[in-house]
Amino acid sequence: MKRVRVCVVGAGVIGFSTAVCIAEALPFCSVTLLADEFSPDTTSDGAAGILFAAKFPDIPLERQKHWFKDSFDHLLAIAQSQHSPEAGVMLSSGWQIFKEVPADKKPFWSDYVIGFRFMTEGELKRFPDHKFGQAFTTIKCECSSYLPWLEKRFRKAGGHVEQRKINSLQELSSSYDIIVNCSGLGSRTLVHDNQVYPVRGQVLKVEAPWLQHFIRDGDGKTYIYPGIHSVTVGGTRQEQDWRLQVDDGDTRSILERCGRLEPSLSRARVLSEWVGLRPSRRNPRVERELVQLRGRRVPVVHNYGHGGWGVTLAWGTALDALGLVRQCLDEMRLQAKL
Ligand code: FAD
């Protein structure tokens with residue numbers, strides 16, 4: 001069989017994870033990753049990268065569990081290997097705290113993180129505004145290191161990389177047999193999907209090496225995540241807000257809210273400020289379709305719309321996308337025989 005030409009669009013955590021899965025599992029495919037922005041300029045680069053998830057309403061829970069577990073196990077193996085510092089993947093322990101006891105005290109991912117338990121009364125004393133908390137060890141995956149590490153792994157598996165913006169999938173139809181769309185928010189224009197929308201997030205990096213544990217308010221808006229070189233403090237969740245500039249009001253609000261959870265932050269030096277747009281959707285789109293492109297029916301596998309959980313779900317959804325590419329290949333073989 002001649003080499004099947006696969007093009008993955010997108011160089012964020014979803015695109016690179018998917019491209020690595022395909023290139024390593026299907027050596028008879030020639031895989032090209034194409035994108036207009038690469039690390040350090042993608043949304044993925046600025047994500048805090050804590051593994052953690054909320055439930056999507058219309059995707060079977062079993063599938064979401066697989067996504068989480070596959071990602072967690074993949075990153076745990078890296079965190080516990082010699083690759084950890086270069087890949088930017090580390091274990092991270094801490095607390096998620098709630099002002100009101102949540103309906104779902106034991107989230108679906110609680111069996112996959114390490115040592116999940118409810119906080120004791122004694123532990124909660126340092127957070128007087130909060131009534132309930134969860135303590136556990138999860139993973140922090142810093143994409144500014146992880147993406148270059150994945151790119152090396154992709155090239156080692158024979159993958160090619162090209163920097164270019166495409167305005168339509170039509171542009172790829174004559175050069176590739178299968179297209180894998182991991183363009184995040186770009187899918188609004190690339191595949192005309194109006195269901196994907198931005199949720200603006202602003203974060204700061206501060207120097208506070210004495211902080212070792214993460215603290216996350218259960219509302220998802222205020223968090224302190226110690227990392228390898230600095231501590232990420234955040235944040236905001238502003239739906240349909242396309243502004244990429246830093247907002248000084250948001251900076252003040254973040255420092256004030258995080259300072260209430262961890263007063264020692266008042267002595268931390270601010271190193272940088274960053275804004276990113278989460279590629280949000282009611283449910284991520286991980287599915288395949290046949291698209292009519294310049295008179296040819298081309299298989300397209302979609303993998304985008306992970307919202308605030310893209311780092312968490314990247315490897316799990318990439319494995320699903322690989323399964324969909326395999327299905328496309330089976331169908332192509334069948335067509336070739338007919
Ligand atoms: P992106 O990283 O945006 O990559 C999209 C790629 O597609 C880019 O390379 C782009 O150039 C390319 N592209 C798009 N259109 C085109 C086109 N027409 N032609 C060519 N290329 C194109 N997630 C977590 O799991 N944990 C966290 O702690 C976390 N914290 C976050 C904090 C903030 C402040 C923000 C903003 C997000 C956070 N996220 C977190 C969410 C996470 O960042 C996203 O879910 C993830 O980055 C999405 O990855 P992606 O690869 O789909 O998109």
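In listed order, ligands and their atoms are each counted from 1. Worth knowing before you read on, the calculation uses all heavy atoms, side chains too, and leaves out hydrogens, waters and symmetry mates.
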Check each of Asp36, Thr138, Leu51 against atom 12 (C) of ligand 1 and report the one with the nearest heavy atom.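 Residue with the shortest heavy-atom distance to the ligand atom: Asp36.
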Selection from Gly49, Ser183, Ser44 by shortest heavy-atom distance to atom 27 (C) of ligand 1: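 Checking each option, the heavy atom nearest atom 27 (C) of ligand 1 is found in Gly49.
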Report yes or no: do [X] and [Y] belong to one cluster of Ile/Leu/Val/Met/Phe/Trp/Tyr joined by side chain heavy-atom distances under 4.5 Å?
X	Y	value
Val113	Ile50	yes
Val180	Val9	no
Phe52	Met90	no
Val4	Val298	no
Phe118	Phe108	yes

Is any side-chain heavy atom of Asp217 closer than 4.5 Å to a side-chain heavy atom of Tyr223?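 Contact flag for Asp217/Tyr223 side chains = no.
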Are Ile14 and His306 close enough that some pair of their side-chain heavy atoms sits under 4.5 Å apart? yes
For Arg297, does the CZ atom sit with more than 12 other heavy atoms under 6.0 Å from it, leaving out its own atoms?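 No.
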Element-labelled atoms of ligand 1 that are located less than 4.0 Å from some non-hydrogen atom of [X]:
X	answer
Val13	49 (O), 51 (O)
Arg164	20 (C)
Arg278	33 (C), 34 (C), 35 (C), 36 (C), 37 (C)
Ala11	6 (C), 8 (C), 9 (O)
Gly186	14 (C), 15 (N)
Gly276	36 (C)
Gly201	34 (C)

Tell me the contacting part of [X] for ligand 1: side chain, backbone, both, or neither, using a 4.0 Å heavy-atom threshold, strictly below.
X	answer
Arg200	neither
Ala314	neither
Phe52	neither

So, regarding [X] and ligand 1 (criterion: nitrogen or oxygen to nitrogen or oxygen, under 3.5 Å), is there a contact or not?
X	value
Gly307	yes
Val199	no
Ile166	yes
Glu37	yes
Thr43	yes
Tyr223	no
Pro279	no
Phe38	no
Trp274	no
Ala35	no

Can you list the residues that meet the side chain to side chain donor-acceptor pair (under 3.5 Å) rule with Glu273, with sequence neighbours excluded?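 In terms of side chain to side chain donor-acceptor pair (under 3.5 Å), with neighbours along the sequence ignored, Glu273 is linked to Thr251.
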Measure from the side-chain N and O atoms of Arg294 to the backbone N and O of Gln170, and report whether any donor-acceptor pair falls under 3.5 Å.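 It does hold such a pair.
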Minimum heavy-atom distance between Ser71 and Trp315, given as atom pair plus value: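 Reported closest heavy-atom pair: OG-N, 3.3 Å.
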How far is [atom] from its nearest protein heavy atom, and which residue and atom is that?
atom	result
atom 23 (N) of ligand 1	Gly308 O, 2.9 Å
atom 50 (P) of ligand 1	Ile14 CG1, 3.6 Å
atom 38 (C) of ligand 1	Ala47 CB, 3.6 Å

Does the pair Glu121/Lys125 count as a salt bridge with the N-to-O cut at 4.0 Å? no
Could a heavy atom of [X] be found less than 4.0 Å from some atom of ligand 1?
X	value
Gly235	no
Phe16	no
Lys140	no
Gly234	no
Leu185	no
Trp309	yes
Gly46	no

Examine the side chains of Tyr197 and Arg188 and answer whether a donor and an acceptor come within less than 3.5 Å of each other. no
Among Phe72, Phe136, Trp309, which one satisfies ring pair (Phe, Tyr, Trp, His ring centres under 6.0 Å) with Trp109?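 With Trp109 as partner, Phe72, Phe136, Trp309 yield a single ring pair (Phe, Tyr, Trp, His ring centres under 6.0 Å), made by Phe136.
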Show your working on side chain to side chain contact (heavy atoms under 4.5 Å, CB included) between Asp73 and Tyr112 and close with a plain yes or no. CA-CA 8 Å; Asp73 291 351; Tyr112 308 130; over 6 Å; no
OG on Ser39 to CG on Leu147, rounded to 0.5 Å: 5.0 Å
Residues in salt bridge (Lys or Arg N to Asp or Glu O under 4.0 Å) contact with Asp45, at least two apart in sequence or another chain: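 In terms of salt bridge (Lys or Arg N to Asp or Glu O under 4.0 Å), with neighbours along the sequence ignored, Asp45 is linked to no residue.
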Taking the six-membered ring where the residue is Trp, are the ring centres of Tyr304 and His302 under 6.0 Å apart? yes
